[in-house]
Amino acid sequence: MAAAAKDLKTPLLLASDDRRRLSQPPSDADHQLHVPQLILNVNEQLGPPPSSNQEASTNQYSISIDTQLDFDENPYGFIGSNGFEVPGSTTVDPFRNHTPTIEGVYEWLKVLVCVPIALVRLVLFGLCLSIGYFATKFALHGWKDKHNPMPRWRCRVMWITRLCTRGILFAFGYHWIKRKGKPAPREIAPILVSNHVSYIDPIFFFYELFPTIVASESHDSMPFVGTIIRAMQVIYVNRFSHQSRKNAVNEIKRKASSNRFPRLLLFPEGTTTNGRLLISFQHGAFIPGYPIQPVVVRYPHVHFDQSWGHIALATLMFRMFTQFHNFMEVEYLPVVSPSEHHKESAARFAEKTGRAMARSLNVVQTSHSYVDYMLLSKAADSGQENPSHFMVEMANIQQSFHLSSSEALDFLDRFLSMNPDPSGKVKIQDFLRAFRLKACGLSEKIFEFIDVDKNRKITFKEFLVGSVHILKQPLFRQACEAAFTETDMDQDHYISEQEIRSLFNLFDGDGDGRISKGDFIICLRRNPLLIGLFSPHFMHKDLDLNAAAGFLEETV
């Protein structure tokens, strides 16, 4: 006992054979076999049982997995995993504003000189916003048929707001705006897509084109702005809802197909970047298959980066107000049409459009997505010293594993609970603490499985990809159900604290003092790596691959 406590090899669970033995009086044969009273053999020996009697234990799961898998090296071999690879990453941060603070004597002097000018600009901004807001309220008053285009007289009233918008741009220092090319007729290209660098982009396009836009549902509640974008016959979308995204695509198709509606404008990146590259495109603009005119926006600068990266809105507005002039360039590119020779997928159409925009901007397009910005923001809000370490170029991962945004954020929550160091990496002791595991052979193998770089530390990308790799294995669900049955000692369809010991609070999600099958599977889906703890159960049992076929169809 003392030795077991000292080397932290105390088991977490009881084995099925051992639970049956505990429920019966001990026999002489049992004493002769010296069967250890454990299961998750949280010890170094994961080899075959010591006797043929133990090998003959009841097995209700038929098998077709190779029983020669080396469980000492791979605790997930029993669900068919042979390891995974982590996609390479770039070191670039597409959301970083390069001048987040005022630096240099020239900039400080300019700010001081421009403070009186900024006050005048602020008054102009407030006046234009107020006039535009009330004009928009008047244009919207009594209009209830939002399914059809806005009546013409209401659109004429909106010209007041559009002129006020130009005044707002002037107040922010955009006294003149350089344009290259022209918008194509709506009949030729009913949809425009643009890169998204600043909150100035939609203000400019509102004045220039008065298009219908696609926006997050959260924008509707924004003061002043919510009212104005409603007048643009906005298409709202909830990024976390598959049905909402589907409805938005249907609305895009409906409005693009009728010349009675304004042209549509979408920012396919889904969020703002620093303009030094493009990130992956969402496919909503490309699914309907209509010709698209790409537009690129540039903000040339020397001292002040105008991009709305990871910087406070108030700070960005103040810096804009205290510049002599802010430069902006807008270029309308040739129309891009889907291939006429074959039905082109939305992904391929988006890729073709992205290449045209990247060439014009002379930048590259990375696999980052708006989810990376959400990960970056969550890491920053949690106090991480270098939040950019937690971006994973989500487009590649979502394409490979069909991972949702909310799932990625949940995995980040669990990783942050491990107390990453300033480099964004987690040591094994913090990994074990977060999962309430004891240091032993099996738990170390679980850590080593996701430590792809073999440097005794894991990154968030390794943790995320490794966890999702396990979660998406075809046999994962069946393994969860089998593990519950193995752990349910008294077969009452609930697991008690005595049956699962130190992991009880982790699995008892609803805090009712017992673990149902639903609690058990939900916990394992949230923490897929924990299924490796049950590998000793299945070392000489096969899971039915046919039973996993339905689950495979759901996940692919």
Side-chain angles (χ1 to χ4, degrees), residues 84 86-97 193 195-197 214-219 236-246 248-249 266-287 307-311 346-347 350-351 354 364-382 384 386-417 420 424 458-469 471-472 525-526 528 555:
F84 66 97
V86 177
S89 299
T90 63
T91 57
V92 66
D93 181 352
F95 310 108
R96 178 191 171 196
N97 182 293
V193 297
N195 61 319
H196 199 6
V197 181
V214 178
S216 171
E217 291 178 345
S218 60
H219 287 76
Y236 289 116
V237 61
N238 180 352
R239 291 171 172 172
F240 296 97
S241 169
H242 173 74
Q243 187 59 45
S244 177
R245 295 196 302 271
K246 183 178 180 180
V249 170
L266 292 93
F267 298 104
E269 293 172 293
T271 187
T272 55
T273 68
N274 57 19
R276 295 170 182 249
L277 44 73
L278 291 175
I279 63 175
S280 63
F281 285 178
Q282 304 300 301
H283 295 160
F286 307 95
I287 293 174
S307 67
W308 193 7
H310 200 64
I311 184 173
E351 182 182 352
V364 298
Q365 187 170 23
T366 71
S367 295
H368 293 90
S369 77
Y370 74 91
V371 182
D372 285 288
Y373 181 74
M374 297 168 72
L375 295 170
L376 175 74
S377 298
K378 181 180 280 289
D381 292 342
S382 70
Q384 293 300 311
N386 296 295
S388 60
H389 290 316
F390 299 89
M391 293 187 295
V392 295
E393 296 186 60
M394 196 66 191
N396 280 340
I397 295 176
Q398 286 182 310
Q399 182 178 5
S400 300
F401 298 105
H402 306 280
L403 184 70
S404 70
S405 306
S406 57
E407 286 176 319
L409 293 171
D410 286 343
F411 279 117
L412 179 59
D413 279 332
R414 288 189 281 286
F415 188 80
L416 292 175
S417 70
I458 58 172
T459 64
F460 173 60
K461 193 168 189 177
E462 289 175 324
F463 174 73
L464 177 67
V465 176
S467 297
V468 179
H469 165 76
L471 178 64
K472 301 300 182 178
R525 285 189 62 82
R526 286 176 54 83
T555 57

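Note that the coordinates shown come from a computational prediction; the quantities given were computed from them, not determined experimentally.
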Looking at [X] and [Y], what are the two nearest heavy atoms and their distance?
X	Y	answer
V197	G275	CG2-CA, 3.9 Å
S216	Y236	O-CD2, 3.6 Å
K461	G88	NZ-O, 3.3 Å
F286	P268	CE1-CB, 4.1 Å
N97	S307	ND2-O, 2.7 Å

Apply side-chain hydrogen bond (donor to acceptor under 3.5 Å, both in side chains) to [X] and list each qualifying residue two or more places apart in sequence or on a separate chain.
X	answer
N274	none
S369	none
S382	none
Y373	none

Are the side chains of V371 and I397 in touch, meaning some heavy atoms are under 4.5 Å apart?
no
Between F401 and S467, is any pair of side-chain heavy atoms under 4.5 Å apart?
no
Counterpart residues, side-chain contact (heavy atoms from CB on, under 4.5 Å), relative to R526 (two or more places apart):
D410, R414, I522
At what distance, to the nearest 0.5 angstrom, does [atom1] of [X] lie from [atom2] of [Y]?
X	Y	atom1	atom2	result
Q398	S367	CD	OG	11.0 Å
S244	N238	OG	CG	5.0 Å
R245	R239	CZ	CZ	10.5 Å
H196	T273	NE2	OG1	9.0 Å
N396	L403	CG	CG	12.5 Å
L375	F95	CG	CZ	9.0 Å

With sequence neighbours left out, what residues match [X] under ring pair (Phe, Tyr, Trp, His ring centres under 6.0 Å)?
X	value
H389	none
F240	none
F463	F415

Under the salt bridge (charged side-chain N to carboxylate O under 4.0 Å, His left out) definition, can you give me all pairs with a residue in residues 369-380, not counting sequence neighbours?
K378-D413
Salt bridge (charged side-chain N to carboxylate O under 4.0 Å, His left out) pairs, two or more places apart, involving residues 386-409
none
Throw together a table of side-chain donor-acceptor distances under 3.5 angstrom for residues 276-284, partners on residues two or more places apart or in other chains.
unit_1 : atom_1 : unit_2 : atom_2 : d
R276   : NE     : H98    : NE2    : 3.2
S280   : OG     : H368   : O      : 2.7

Over 12 non-hydrogen atoms of neighbours within 6.0 angstrom of CD in Q399:
no
May I have the step-by-step check of side chain to side chain contact (heavy atoms under 4.5 Å, CB included) for Y370 and S405, ending in yes or no?
CA-CA 9 Å; Y370 74 91; S405 306; 3.3 Å; yes
Answer yes or no: is there a donor N or O on one side and an acceptor on the other, between the side chain of Q384 and the main chain of A379, under 3.5 Å?
no
Polar side-chain atom of T272 near backbone of W308 as donor-acceptor pair, under 3.5 Å
yes
With sequence neighbours excluded, what pairs up with E351 under the salt bridge (charged side-chain N to carboxylate O under 4.0 Å, His left out) test?
R355
